[in-house]
Amino acid sequence: VQLQASGGGLVQAGGSLRLSCVASGRTFSTYTIGWFRQAPGKEREFVTLIVSGNSTYYSHSVKGRFTISRDNAKNTVYLQMDSLKPEDTAVYYCAAAGGGFYLAPRNYYYWGQGTLVTVSS
């Protein structure tokens with residue numbers, strides 16, 4: 001599976017962005033897709049995930065502001081980010097894992113290249 005993340009950019013605090021993660025491969029619908037982010041000088045952290053049955057899970061820091069969804073016909077997962085804060089500034093990565101709820105990066109086999117989100121105050 002190859003993943004391509006896009007949609008990052010510069011936005012003011014309180015604004016919105018939608019990230020996309022497009023995957024290759026015919027078994028996309030069976031994968032858990034996660035979004036992670038990494039700010040300068042910090043470790044990569046879990047943001048959210050969606051499993052094959054469309055159940056989702058969010059980190060406490062983004063719950064209620066971010067929404068993950070998937071369109072299996074387009075092999076795409078979306079991350080709608082609303083009410084953005086300066087502390088959301090990071091490189092955002094999408095990743096694929098076997099079915100299940102995985103919060104740790106080590107459980108994800110495939111990674112996209114990352115897309116930079118910058119939120120100005």
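Throughout, residue positions are numbered sequentially from 1 according to the sequence presented.
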**Prompt:** For the atom pair CD (Q12) and OG (S121), what is the distance rounded to the nearest 0.5 Å?
**Reply:** 9.5 Å
**Request:** State, with a plain yes or no, whether a side-chain heavy atom of F101 is found less than 4.5 Å away from one of T32.
**Result:** no
**Request:** Could you walk me through whether D88 and R65 pass the side chain to side chain contact (heavy atoms under 4.5 Å, CB included) test, one step at a time?
**Result:** CA-CA 11 Å; D88 294 318; R65 300 187 298 121; 2.8 Å; yes
**Asked** Is the number of heavy atoms from other residues, nucleotides or ligands under 6.0 Å of E45 CD greater than 12?
**Response** yes
**Verify same cluster id: Y57, Y93 (apolar side-chain graph, 4.5 Å)** = yes
**Cation-pi, F36 ring and R44 (6.0 angstrom, 45 degrees)** = no
**Request:** Provide the closest heavy-atom pair for Y109 versus G98 in the form atom of the first, atom of the second, distance.
**Result:** CE1-N, 3.6 Å
**Prompt:** Which atom names give the shortest non-hydrogen contact between A5 and C94, and what distance separates them?
**Reply:** CB-SG, 4.0 Å
**Request:** Flag yes if L49 and V91 sit in one hydrophobic cluster, no otherwise; membership is Ile, Leu, Val, Met, Phe, Trp, Tyr, and two members link when side-chain heavy atoms are under 4.5 Å apart.
**Result:** yes
**Asked** Do you know which two heavy atoms are closest between L3 and A96, and how far apart they sit?
**Response** CD1-N, 3.6 Å
**Complete:** Taken to the nearest 0.5 Å, the spacing of T56 OG1 from I33 CD1 works out to 14.0 Å
**Message:** My understanding is that only one of V62, L19, V47, T48 makes a side chain to side chain contact (heavy atoms under 4.5 Å, CB included) with I68; could you say which?
**Reply:** T48
**Message:** Check whether Y31 forms a cation-pi arrangement with R70 (NZ or CZ under 6.0 Å from the six-membered ring centre, at most 45° off the ring normal).
**Reply:** no
**Message:** Does atom OH (Y58) have a neighbourhood of more than 12 heavy atoms from anything else shown, all under 6.0 Å?
**Reply:** yes
**Asked** So which of P105, S59, S61 actually passes side chain to side chain contact (heavy atoms under 4.5 Å, CB included) with F46?
**Response** S59
**Message:** Test of understanding: with side-chain contact (heavy atoms from CB on, under 4.5 Å), list the residues that count as partners of T89, not counting sequence neighbours.
**Reply:** T118, V119
**Item:** ILVMFWY cluster, V1 and L79 together (side-chain gap under 4.5 Å)
**Value:** yes
**Message:** Nearest 0.5 Å, please: how far is CD in Q4 from OG1 in T76?
**Reply:** 11.0 Å
**Asked** Between atom OG of S120 and atom CG of L84, what is the distance when rounded to the nearest 0.5 Å?
**Response** 10.0 Å
**Prompt:** Is Y102 reachable from I50 through a run of I, L, V, M, F, W or Y residues, each pair having side-chain heavy atoms under 4.5 Å apart?
**Reply:** no
**Request:** Look up atom OG in S29 and atom CG in D71, then write down how far apart they are to the nearest 0.5 Å.
**Result:** 11.5 Å
**Prompt:** How are the rings of Y92 and F66 set to each other: parallel, tilted or perpendicular (split at 30° and 60°)?
**Reply:** tilted
**Prompt:** Looking only at heavy atoms, which two atoms of A97 and N107 are closest? And how far apart?
**Reply:** CB-O, 3.4 Å
**Asked** Can you name the nearest heavy-atom pair linking G34 to Y108, along with the distance?
**Response** N-CE2, 3.6 Å
**Request:** Calculate, to the nearest 0.5 Å, the distance between atoms CD and CD belonging to E43 and Q38 respectively.
**Result:** 8.5 Å
**Message:** On a heavy-atom basis, which atom in S16 and which in S83 lie closest, and how many Å separate them?
**Reply:** OG-N, 4.4 Å
